[in-house]
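The structure displayed is predicted, hence computed values, not measured ones. Quick note: residue numbers are just sequence positions, from 1. First listed ligand is number 1; within each ligand, the first listed atom is number 1. Values reported hereafter were calculated over all heavy atoms of this structure, with side chains retained and with hydrogens, waters and symmetry mates removed.
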Amino acid sequence: MFDSYPQLSGALPWLPLADLPTPVEPVSGIGSNAWIKRDDLSHAVYGGNKLRKLEFILADVLARGKTHVITFGATGTNHGVATAMLCQQLGLRCTVLLFEQPPSTTVRDNLTRMRHFGAELQFCGSLANTVRHYYLHPKRLSRRHYFLFAGGSNVAGTMGFINAVFELRQQIDTGQCPLPSQIFVPVGSSATLAGLTVGAALAGVESDIIGIRVAPSHLGIIPTCTPATVNQLIRQTCAALTKAGLSPPTIPTAKLVDSYYGDGYGVASTAGSRATEKFAECGITLDQTYTAKAAAAFLDAARQSTDVQLYWHTLNSRPVERVLERSHDAGPKTRWF
Ligand SMILES: Cc1ncc(COP(=O)(O)O)c(C=O)c1O
């Protein structure tokens with residue numbers, strides 16, 4: 001992105017924290033036109049889609065002179081793990097406010113990881129209570145604290161996935177993969193879809209970016225994951241780009257598909273379970289919350305068309321043992337509300 005638009009490099013804080021570019025590969029056994037972008041390998045200790053966002057977010061934290069990041073997520077939050085790991089690397093304090101989700105291996109492993117990365121964990125019970133603690137936090141007005149929305153989905157985080165499309169553009173231009181007709185990605189807090197959508201417009205990648213909604217569309221009457229909420233993040237990001245000296249020619253709109261959501265956030269779906277089995281044959285592990293549902297949509301498209309399809313794999317694939325080997329245990333700091 002900075003090579004194509006050098007005017008952004010002075011204006012947008014950025015730190016190289018991830019292992020990029022991630023490989024792009026054919027998915028063996030699914031068809032000659034099925035491709036996968038391996039963001040699971042975006043870091044040697046803990047990969048996944050959050051690393052790209054944090055390159056911009058944590059640079060923004062440091063540029064603003066903040067020393068303590070406060071964020072929130074479910075007890076199995078991948079975002080909490082990635083944030084805790086990179087905060088530790090940069091000497092920043094990290095607090096993660098947690099709401100309950102059903103126990104699973106992911107929850108257990110991610111709590112272990114966050115503790116090893118020295119995060120202060122605050123168990124807040126329900127989502128509503130956690131959100132209340134986040135917005136009414138006693139440090140809200142402190143100059144040292146940076147409040148980071150769940151999933152790292154703020155404008156800085158969205159820049160990470162704009163940058164990602166420039167990476168893919170380079171891989172297409174150098175013959176590492178063909179131009180996909182469609183790109184499939186799961187959508188939770190939305191910055192991944194928002195960034196890919198804006199990035200495709202800026203980088204001239206003429207693929208349809210298809211977001212598969214995996215999180216509730218509304219909390220009560222408040223819209224949380226709808227075309228309108230994603231498009232709002234897109235508009236905010238385009239405004240930040242304009243301020244940084246680059247006017248996107250048109251403001252693109254997001255494509256969000258609801259039909260793979262199934263019975264709820266984190267609840268396995270039949271199509272997702274089938275996709276998990278199919279991908280396991282190709283050596284790729286999916287999770288029932290995010291990636292299985294997006295992969296199910298990708299498989300349906302690959303079956304129905306001979307066009308090139310790309311599935312953007314957003315789930316970490318590094319084993320929990322990597323954390324235990326590579327990080328020093330700063331010790332668990334846990335509070336209960
Ligand atoms: C593995 C995985 N995939 C996809 C997503 C969704 O990305 P976003 O929150 O940017 O919509 C998340 C979010 O937590 C995730 O952990």
Side-chain angles (χ1 to χ4, degrees), residues 22 36-43 46-57 71-85 96 98-99 101 104-107 109-110 113-114 127 148-165 183-199 209-217 224-227 229-234 237 254-258 260-261 265-266 272 275-276 279 284-298 311-318:
T22 59
I36 181 169
K37 180 76 169 140
R38 299 287 307 270
D39 271 12
D40 57 308
L41 303 176
S42 63
H43 194 278
Y46 190 79
N49 64 335
K50 305 305 176 195
L51 281 292
R52 292 185 184 276
K53 299 180 184 187
L54 288 161
E55 290 199 317
F56 287 84
I57 293 167
T71 189
F72 72 99
T75 43
T77 171
N78 298 311
H79 158 69
V81 174
T83 305
M85 175 177 77
V96 190
L98 295 167
F99 59 90
Q101 78 179 75
S104 66
T105 323
T106 305
V107 170
D109 287 350
N110 282 354
R113 289 176 168 114
M114 285 188 278
L127 171 59
L148 175 58
F149 191 74
S153 281
N154 59 12
V155 166
T158 305
M159 298 295 174
F161 272 90
I162 296 178
N163 206 25
V165 186
I183 297 176
F184 292 86
V185 69
V187 185
S189 62
S190 302
T192 305
L193 173 62
L196 290 177
T197 304
V198 177
I209 314 292
I210 315 282
I212 307 302
R213 181 171 67 79
V214 302
S217 62
T224 48
C225 188
T226 65
T229 60
V230 185
N231 288 332
Q232 186 183 12
L233 186 54
I234 287 177
T237 306
K255 296 188 181 68
L256 189 62
V257 174
D258 287 328
Y260 290 86
Y261 180 55
Y265 174 75
T276 303
F279 271 71
I284 301 286
T285 303
L286 304 179
D287 72 311
Q288 67 188 44
T289 305
Y290 297 100
T291 51
K293 292 175 183 178
F298 163 78
Y311 159 68
W312 204 296
H313 190 36
T314 52
L315 180 71
N316 165 63
S317 63
R318 306 295 189 193

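Remark: F298 pairs with Y311 by the ring-ring contact (aromatic ring centres under 6.0 Å, His included) rule, at least two apart or across chains. Scanning for salt bridge (charged side-chain N to carboxylate O under 4.0 Å, His left out) contacts around D40 gives R38, with sequence neighbours left out.
Listed by chain and residue number, the protein contacts of ligand 1 are N49, K50, K53, N78, S153, P186, V187, G188, S189, S190, A191, T192, Y290, T314, L315 (heavy atom within 4.0 angstrom).
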Which donor-acceptor pairs under 3.5 Å do the side chains of residues 288-295 make with protein atoms, sequence neighbours left out?
residue : atom : partner : partner atom : Å
Q288    : NE2  : G266    : O            : 2.8
Y290    : OH   : Y265    : OH           : 2.7
T291    : OG1  : D287    : N            : 2.7
T291    : OG1  : D287    : O            : 3.4
T291    : OG1  : D287    : OD1          : 2.4
K293    : NZ   : Y261    : O            : 2.8
K293    : NZ   : G264    : O            : 3.0
K293    : NZ   : V267    : O            : 2.9

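Note: L41 CG to R318 CZ = 5.0 Å, rounded to the nearest 0.5 Å.
When each of N49, T192, D39 is tested with W312 by the rule side-chain hydrogen bond (donor to acceptor under 3.5 Å, both in side chains), just one qualifies, namely D39.
Between L193 and T197, the shortest heavy-atom contact is O-OG1, 2.7 Å.
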